[in-house]
Number of protein chains: 2
Amino acid sequence: MVTRKDVAQKAGVSPSTVSRVINKNGYVALEVRERIEAAIAELNYIPNRAAQNLRTRSYKQIACISPSISNSFFSEMFMGIEGMAIEYGYSLSLYNITKKKHPYIKQVLEGPYDGIILLGSQELTMVEDILEITKKMPLVTYWDRIERMDIPLKAQIPHVYIDLKKVMRQSVEYLITNGHKEIVFLGHYYNEESNSNPRYKGYEMAMKEHRLPIKDYYKIFIEMYEDKLTTGYDAIKMLLDRGYYFTAVAASNDLLAAGAIRAIIESGKKVPQDVSVIGVDNIELAKIVTPTLTTMNIPKKEIGRMLVQQLMDQIQNESTMAKSIEVEVRLKERESVKNLIIS
Amino acid sequence: MVTRKDVAQKAGVSPSTVSRVINKNGYVALEVRERIEAAIAELNYIPNRAAQNLRTRSYKQIACISPSISNSFFSEMFMGIEGMAIEYGYSLSLYNITKKKHPYIKQVLEGPYDGIILLGSQELTMVEDILEITKKMPLVTYWDRIERMDIPLKAQIPHVYIDLKKVMRQSVEYLITNGHKEIVFLGHYYNEESNSNPRYKGYEMAMKEHRLPIKDYYKIFIEMYEDKLTTGYDAIKMLLDRGYYFTAVAASNDLLAAGAIRAIIESGKKVPQDVSVIGVDNIELAKIVTPTLTTMNIPKKEIGRMLVQQLMDQIQNESTMAKSIEVEVRLKERESVKNLIIS
DNA sequence: AAATTGATTGACAACGGTTTCAAAATAACT
DNA sequence: AGTTATTTTGAAACCGTTGTCAATCAATTT
């Protein structure tokens with residue numbers, strides 16, 4: 001292995017001077033710098049990263065713990081994270097957590113990282129684990145569940161979030177504005193009762209505000225798993241088979257919405273002519289589906305960037321204050337919602 | 001920061017002994033071991049990874065360079081890679097390369113990695129870069145382009161691959177077996193002439209073998225970009241608009257196939273009743289699309305695992321022989337192909 | 001009882017850098 | 001010419017481990 005010493009010898013200087021050239025700090029005579037650079041090139045010298053890490057007490061790496069990245073929601077967010085991290089000179093390790101196991105906490109804490117970004121879905125991760133990490137290493141999360149935690153706990157975990165209730169409410173209000181009255185909520189199931197389900201609350205709020213009754217069959221709660229992509233399909237198909245009437249489906253994510261569309265089309269109806277569908281997330285799929293999906297765009301890249309910024313804040317300034325940053329969501333209009341008023 | 005020294009002091013032993021406990025090697029009296037373990041727990045001691053890396057000259061990390069991981073083809077492969085890497089006790093850094101830039105080579109070579117896995121699509125990466133890396137660090141690739149390189153070059157780059165020609169041929173033969181004769185090839189465009197286009201070659205071979213004429217409008221070549229998800233749609237739509245006749249579309253990946261389906265449905269025809277569509281890849285999308293897509297399943301997870309195995313081979317045994325491993329592809333039947341013979 | 005073996009420990013030399021400090025050389029001012 | 005800044009360098013301490021080696025001590029064999 002070629003070391004700094006070899007370079008120094010070849011260039012006829014001391015190792016210290018070579019360091020100065022590598023790190024571009026301190027004074028180095030032009031002539032000497034060139035000689036050293038030549039030696040570096042000639043020897044194909046690459047500084048030993050482990051030694052640098054040891055000496056500088058920093059790894060220039062952050063770990064990202066994420067649910068299955070096959071889910072394009074998270075992969076897009078990851079892209080945002082990566083882009084921003086690179087701007088800060090950091091690279092990223094990725095840990096996918098799946099349903100079965102998560103010994104990741106130990107691995108990550110013992111790993112060569114300066115900080116951790118946790119993307120959480122559902123209940124895959126435990127609060128205690130997070131709090132444990134927080135004590136040992138800078139951490140920031142994007143974690144659905146955090147919204148449902150109590151204030152003191154929330155205050156301990158830096159996070160970037162979107163207001164799910166608000167999002168769902170906007171989504172449903174858009175449908176209402178377009179003349180829809182019979183709107184099915186196709187959403188996530190939470191272990192707790194539905195009144196702690198922010199998505200449903202948003203739906204409920206929009207409906208109530210506009211004095212629209214919520215019939216029983218409007219309420220569909222689904223357990224989302226990575227491997228169950230057709231749950232939205234199944235649910236809406238059942239509704240249609242039983243002859244229930246509705247003019248729109250407000251899904252709490254695009255996957256469910258896509259399933260709904262498929263069920264509707266298969267039943268012989270048309271989207272959006274007969275039934276409108278709206279989603280949340282705006283994942284790639286939304287552009288591919290027929291018809292293309294109107295949805296609430298969650299700015300995943302942007303969230304990724306903010307996560308990194310907040311983490312860097314902690315790493316660089318040792319600021320202990322756990323920040324909470326809300327990201328706004330906007331409607332992305334496409335083809336899957338019909339305006340019942342104009343026509 | 002808590003170091004091994006602190007632990008040693010607390011436990012009343014020498015640092016060396018603490019090391020023995022951590023690494024579980026050498027002799028340590030039971031009683032002493034317990035004392036040390038207690039001290040470790042109490043002090044919340046975590047071994048400094050940089051020091052370990054430096055000392056052992058290994059990072060226990062590998063870098064994965066991949067095209068946009070939003071593409072579920074690659075994210076699935078990544079999942080396979082990650083799973084296998086963990087079994088070997090390694091973790092993964094992920095670098096997404098995009099169209100614009102790739103200064104990744106330098107970054108990765110200077111990074112804390114024991115090896116590199118390169119997932120390549122199209123021409124994003126340059127052969128010279130790869131060869132440069134090969135000289136400095138264990139590397140293994142899954143890279144479409146490698147199949148089109150000349151033998152001596154190929155022999156220098158360890159890789160796992162699928163035979164694109166064979167795959168496409170199987171796909172088309174399946175259509176033919178199902179009674180299709182007028183089959184449109186909807187495939188990738190390569191810079192070179194089509195006779196070095198393995199996908200097209202496979203199509204051509206199947207058609208010729210069965211004495212089926214290839215009409216001009218059967219041949220569609222498309223430049224695939226991440227951001228152009230609708231190119232398959234556009235192409236087939238044009239064909240339909242102009243009134244060309246065909247009973248099936250053999251697409252060279254699922255994205256193109258999905259676009260084709262959408263175009264066909266929009267034109268008022270049905271899939272597979274009027275036109276059959278077959279894809280290649282078997283990405284998640286294939287299950288979601290309506291109708292679900294019959295496609296050639298590329299075992300992405302499996303490829304990922306083999307990539308890691310081959311890399312570990314290099315890392316551990318210093319075996320310099322660049323291996324070439326072919327992975328077999330199988331048909332995954334779903335709903336998008338109609339059997340014209342039975343009906 | 002002496003000698004051999006095995007278990008158990010600590011001292012110490014790396015590993016390959018960064019960074020502080022002081023010395024030496026050069027340039028800039030009185 | 002003498003003094004004071006400013007560049008330019010190398011020596012040396014240190015980062016926190018691993019792993020070799022020899023020393024110690026108890027157990028076993030001759």
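In this text, all values refer to a predicted model and were calculated from it rather than measured experimentally. Convention: sequence-line order gives letters A, B, ...; per-chain numbering from 1.
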Exercise for the section: Select base, sugar-phosphate, or nothing to describe what B:Asn53 touches, counting heavy atoms under 4.0 Å on all strands. Expected result: nothing

Practice task
Identify whether any heavy atom of A:Ser19 sits under 4.0 Å from a base atom; if not, whether one sits that close to sugar-phosphate; answer base, sugar-phosphate or nothing.
Solution key: base

Could you state the atom-to-atom distance from [atom1] of [X] to [atom2] of [N] in whole Å?
X	N	atom1	atom2	answer
B:Leu54	C:dC15	CG	C1'	4 Å
B:Tyr59	D:dT17	OH	P	17 Å
B:Met1	D:dC14	CE	P	18 Å
A:Gln9	D:dG10	CD	C1'	15 Å
A:Leu30	D:dT6	CG	P	21 Å
B:Asn25	C:dT8	CG	C1'	13 Å
A:Ile22	C:dG16	CD1	P	13 Å
A:Asp6	C:dG17	CG	C1'	13 Å

With sequence neighbours left out, write down each residue that passes salt bridge (Lys or Arg N to Asp or Glu O under 4.0 Å) with [X], or none if nothing qualifies.
X	value
B:Arg20	none
B:Arg305	B:Glu87
B:Lys154	none

Practice task
Kindly write out the residues that satisfy side chain to side chain contact (heavy atoms under 4.5 Å, CB included) with A:Tyr27, not counting sequence neighbours, or none if the list is empty.
Solution key: none

Exercise for the section: Name all residues meeting the side chain to side chain contact (heavy atoms under 4.5 Å, CB included) criterion together with B:Asn44; count only those two or more places apart in sequence or in a different chain, and write none if there are none. Expected result: A:Lys136

Problem - Gap between atom CD of B:Glu82 and atom CG of A:Asn96 - 0.5 Å precision - result: 4.5 Å

Handout entry: Distance, nearest 0.5 Å, that separates CD1 of A:Ile162 from CD1 of A:Ile298
Key = 3.5 Å

Problem - Heavy atoms of other groups near A:Gln309 CD, more than 12 under 6.0 Å - result: yes

Would you tabulate the pairs of protein nitrogen or oxygen atoms and nucleotide nitrogen or oxygen atoms of nucleotides 4-7 of chain C closer than 3.5 angstrom?
residue : atom : partner : partner atom : Å
C:dA7   : OP2  : B:Tyr27 : OH           : 2.3

Handout entry: Flag side-chain contact, heavy atom, 4.5 Å: A:Ile133 against A:Leu109
Key = yes

Exercise for the section: Using a 4.5 Å cut-off on heavy atoms from C-beta on, say whether the side chain of A:Met1 contacts that of A:Asp6. Expected result: no

Exercise for the section: Applying side-chain hydrogen bond (donor to acceptor under 3.5 Å, both in side chains), name anything that partners B:Ser93, two or more places apart in sequence or on another chain. Expected result: A:Gln61, A:Ser93, B:Tyr113

Handout entry: With A:Gln156 via side-chain hydrogen bond (donor to acceptor under 3.5 Å, both in side chains) - residues at least two apart
Key = none

Fill in the blank from the handout: Within residues 34-52 of chain A, those residues having any heavy atom closer than 4.0 Å to DNA chain D are none

Exercise for the section: Return the residues of residues 10-18 of chain A meeting this criterion: a heavy atom under 4.0 Å from some atom of DNA chain D. Order them by number, or give none. Expected result: A:Val13, A:Ser14, A:Ser16, A:Thr17

Exercise for the section: Verify whether one side chain among B:Thr141 and B:His159 offers a donor that lies under 3.5 Å from an acceptor in the other. Expected result: no

Between protein and nucleic acid, restricted to nucleotides 24-28 of chain D and to nitrogen or oxygen atoms under 3.5 Å apart, what atom pairs and distances do you find?
none

Solution key, residues 33-41 of chain B side-chain donor-acceptor pairs under 3.5 Å, sequence neighbours excluded:
residue : atom : partner : partner atom : Å
B:Arg35 : NE   : B:Ala11 : O            : 2.9
B:Arg35 : NH1  : B:Glu31 : OE1          : 3.4
B:Arg35 : NH1  : B:Glu31 : OE2          : 3.0
B:Arg35 : NH2  : B:Ala11 : O            : 3.2

Exercise for the section: Specify the residue among B:Arg20 and B:Arg57 whose closest nucleotide of DNA chain C lies further upstream toward the 5′ end. Expected result: B:Arg20

